[in-house]
Amino acid sequence: MEVGKERVVALVDMDCFYVQVEQRFNPKLKNKPCVVAQYKTWKGGGIIAVSYEARAHGVTRNMWANDAKKLCPDLQVARVRESHGKADLTCYREASVEVIEVMSRFAVIERASIDEAYMDLTSSVQKRVKDLQVSQIDQELLKNTYIQGFPVASELEDLPVDKEEQRLKGLQQWLHTLPSCFQPGCSGYAEVCLAVGAMIVEEMRAAVEQDTGFRCSAGISHNKVLAKLACGLNKPNRQTVLPLGSVSELFMTLPISKIRNLGGKLGVSITETLGVENIGELTRFTRAQLEESFGEKTGSWLYDLCRGIEFEPVKPRQLPKSIGCSKNFQGKSALATKTQVQHWLQQLALELEERLNKDKEMNGRVAKLLTVGVRQPGDKKPISFSRCFALARYEASKISSDSFAIIKSLNAAGSHQEAWSPPLTCLHLSASKFNESSSGGISSFFSSDVASTQSCLKPNEEAPKSETTPKKPSGIQALFQKAAEKKKRKADESLTDKEPVALCSSENLPEGTASVLPRQAAAVSSVSRSSFFQRKSLWKTPPSFLLEKPVEEPTEDKSQAERSPQGSSHALSGAGEQNRVEIHGNEDFHTCERCGQEVLMWEIPEHNDFHYALDLQNSLSSSSTSSSSLFSAPVMDTASSSREKSRPRTQAGPQAKRARSLDNSITLDSFFKKA
DNA sequence: ACGGATCTCACT
DNA sequence: TAGTGAGAT
């Protein structure tokens, strides 16, 4: 079996997403040169998204709206909403959720950013290929699909000038190269899989547009890097298949910086160190040479990558792992008094509180850590200083006062002065380290009466097999909201916590203070646990992928399969079917095609219910680590055991870690009262 | 005085 | 761990 062709991976990227959101909101903006800008007073505001019509005039991101107007006098400028005195991206996040919900009907997805998602289509494709006729791979089902590298240049005939004509010719040419029998392992099987993957993506993109009104582009290939690259080749509103066979020609002239993760310093250093410009030129070097220059992991990653091979798994995760907000204060507006600092911390905290509460309702989780960052003038880095503390409650005034306490020591003016110096040019608050919460989200969804209304739950309804996307009854929305409202009412019982728990060591605290008390965070979470168990009765099988285990194959040789720049895992990972390795030596397990987890046979129905509910509620995964999981059923064990194999296990379990860190905590409260 | 506001992940 | 740095959008 050829290497590097085991998976079918797609990347879907919304076209100028913020612009589309504004255009849907205000249809007069459709089909016009249009940008989204934030703020207005300084040069008309900074542009953060540009429609394709505007791009034709040379308008780009990071341009001032006033400057863009000079290039394109007809330019329509939509403004980012402002609340709490800062840009508020809420509506784009919400639109993103809509999109992700639709995409999740087709595959397990990894949210890569607000407007991008990866998906591993391997198992869906294999299933479809099983009883597939040649005739079922039809150009009519690939109407928006380009095949990179096709049509092949010919001396005899001229290429069509019309782009669509050329696309079609390339597609036809490629389809003719496909074999007529689809046996795994047969020559051309990998390409058949790509074709079927592209068909699925066509359907998915059509569904996204139908259900949300948003258009997107996509790349379909065998790994994330190639899928991402392919996606950019025919934008907007089109998709591109990148077969491995087309890689060498493409890479021959592709600048290194075009590859994901090589757009920065590493890319430059490759060019400088090896004197190469294009990614394909790296094939001239041995693995050992590359490892010598860039380290074992990165070197090895590059060696494979320049041949079109890469193994980073698509991680089943729809939710952000952190929720944060920040604001810059440039130049004269830099914060130079204590009052100003407190005021803006409060504004940021207010936004954060709102977003965290919403997150708790929707996703049934609570953040446990709050990080505060600041920047001072002259600093190159965007955040010149950051400290964190335990987040016990979602309460803006407390978040802001704790935040103030923890950055107080940066004020050279001293704590008695009203002045703050050096002034702050940026404030940043970010919440992370999520745990499942006992109320809200999934659990209360299921404890509510609507949940047991089985009539509208069709657990076994799978991703649409073909043609039109099955429109869910609109009642689902209502169902959703009803559940959400219930949650709201219940919400408060969850976090009745007590003291704040600082996670920083005492020397990090401002002006020698603070008593060190071991805190009850552990107790808090165990409370949540038991109450959760009391109400959650519907499932025996826990949603294992709440644990965020990457879809990885428990390979033998995992030790050398490590990581390289930006989380590119070199693990020989397979998705879907390849996960079906017997790691329990027990035939009672089945691999769920939605989440890749091992599920006990007799618990499959519940597991499917679970997926259905998750899709409904868009609360797929929570970012909690396995340590904090509420669940302890077999699937859970499977998850952790297979993960164990993929990592050199050394330290004590995360459980122990967390406990330890919380033990060393301090209360900011006591400190604050004095100060 | 402007690439703003958010993200994720690796390293130590 | 917590904190920093890099990379991306």
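In what follows, chains are A, B, ... by sequence order, proteins preceding strands, each numbered from 1. This is a predicted model, so every value here is computed, not measured.
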Next item on the list: Tell me which nucleotide among B:dT8, C:dG7, B:dT6 gets nearest to the side chain of A:Leu89.
Entry: B:dT6
Margin query: Strictly below 4.0 Å: does A:Arg93 bring a side-chain N or O up to OP1 or OP2 of B:dA5?
Written below: no
Margin query: Need one value for A:Tyr39: base, sugar-phosphate or nothing, where a base atom within 4.0 Å counts as base even if backbone is also close, heavy atoms only.
Written below: sugar-phosphate
Check: Is the phosphate of B:dT6, meaning OP1 or OP2, less than 4.0 Å from a side-chain N or O of A:Lys86?
Finding: yes
Check: Which one, C:dA8, B:dG3, B:dA5, comes nearest to the side chain of A:Asn62?
Finding: B:dG3
Note to self: Is A:Lys321 close enough to B:dT8 that one of its side-chain N or O atoms is under 4.0 Å from OP1 or OP2 there?
What the structure shows: no
Next item on the list: Flag the pair A:Glu110 and A:Lys224 as a salt bridge only when some basic side-chain nitrogen lies within less than 4.0 angstrom of an acidic carboxylate oxygen.
Entry: yes
Check: Are A:Arg111 and B:dT6 close enough that a side-chain N or O sits under 4.0 Å from OP1 or OP2?
Finding: no
Notebook entry, point to check: Hey, is the side chain of A:Lys297 poking within less than 4.0 Å of OP1 or OP2 on B:dC9, counting only N and O atoms?
Noted result: no
Note to self: Under 4.0 Å, counting only non-hydrogen atoms across every strand here, what does A:Ile114 touch: a base, just sugar-phosphate, or nothing?
What the structure shows: nothing
Note to self: Considering every strand and a 4.0 Å limit on heavy-atom distances, what is the contact class for A:Gly46: base, sugar-phosphate, or nothing?
What the structure shows: nothing
Item checked: Nearest listed nucleotide, side chain of A:Lys332, among C:dT9, C:dT4, B:dA1 -> B:dA1
Item checked: Spacing of A:Phe385 atom CZ relative to C:dA2 atom P, expressed in whole Å -> 14 Å
Check: Phosphate oxygens OP1/OP2 of B:dT6: is one of them under 4.0 Å from a side-chain N or O of A:Tyr92?
Finding: no
Check: What nucleotide among B:dA1, B:dC7, B:dA5 has an atom nearest to a side-chain atom of A:Ser322?
Finding: B:dC7
Next item on the list: Report which part of the nucleic acid A:Lys228 touches: base, sugar-phosphate, or nothing (heavy-atom distance under 4.0 Å, all strands).
Entry: sugar-phosphate
Margin query: Under 4.0 Å from OP1 or OP2 of B:dA5: is there any side-chain N or O of A:Asn328 that close?
Written below: yes
Margin query: Measuring from the side chain of A:Gln330 (C-beta onward, heavy atoms only), which nucleotide among B:dT6, B:dA1, C:dG3 has the closest atom?
Written below: B:dA1
Notebook entry, point to check: Cut-off 3.5 Å, side chains only: do A:Glu354 and A:Tyr394 have a donor facing an acceptor?
Noted result: no
Check: Looking at A:Arg387, does any N or O in its side chain come under 4.0 Å of the phosphate oxygens OP1/OP2 on C:dG3?
Finding: yes
Margin query: Can you confirm if the aromatic rings of A:Phe214 and A:Phe17 lie within a centre distance of less than 6.0 Å?
Written below: yes
Next item on the list: Using whole Å, report how far CD1 of A:Ile383 lies from P of B:dT6.
Entry: 11 Å
Margin query: Does anything in residues 75-91 of chain A form a salt bridge (Lys or Arg N to Asp or Glu O under 4.0 Å)? List the pairs, not counting sequence neighbours.
Written below: A:Lys86-A:Glu351
Next item on the list: Quick one: which residue pairs count as a ring-ring contact (aromatic ring centres under 6.0 Å, His included) with a foot in residues 342-366 of chain A, not counting sequence neighbours?
Entry: A:Phe329-A:Trp344
Checklist line | Identified side chain to side chain contact (heavy atoms under 4.5 Å, CB included) partner of A:Met103 from the options A:Val12, A:Val201, A:Thr212 | finding: A:Val12
Notebook entry, point to check: When you measure from the side chain of A:Lys265, which nucleotide among B:dA5, B:dT8, C:dG7 comes out closest?
Noted result: C:dG7
Item checked: Per A:Arg355 side chain, nearest of listed nucleotides B:dT6, C:dT9, B:dC9 -> B:dT6
Checklist line | Minimum-distance nucleotide (side-chain atoms of A:Pro320 versus B:dA5, B:dA1, B:dT8) | finding: B:dT8
Next item on the list: Counting heavy atoms from C-beta on, name the nucleotide in B:dT8, C:dG3, B:dT6 closest to the side chain of A:Ser386.
Entry: C:dG3
Checklist line | Any A:Ser113 side-chain N or O less than 4.0 Å from OP1/OP2 of B:dT8 | finding: no
Item checked: Closest nucleotide among C:dA8, B:dC9, C:dT9 to the A:Asp115 side chain -> C:dT9
Margin query: From CD of A:Gln38 over to C1' of C:dT9, roughly how many Å is that when rounded to an integer?
Written below: 13 Å
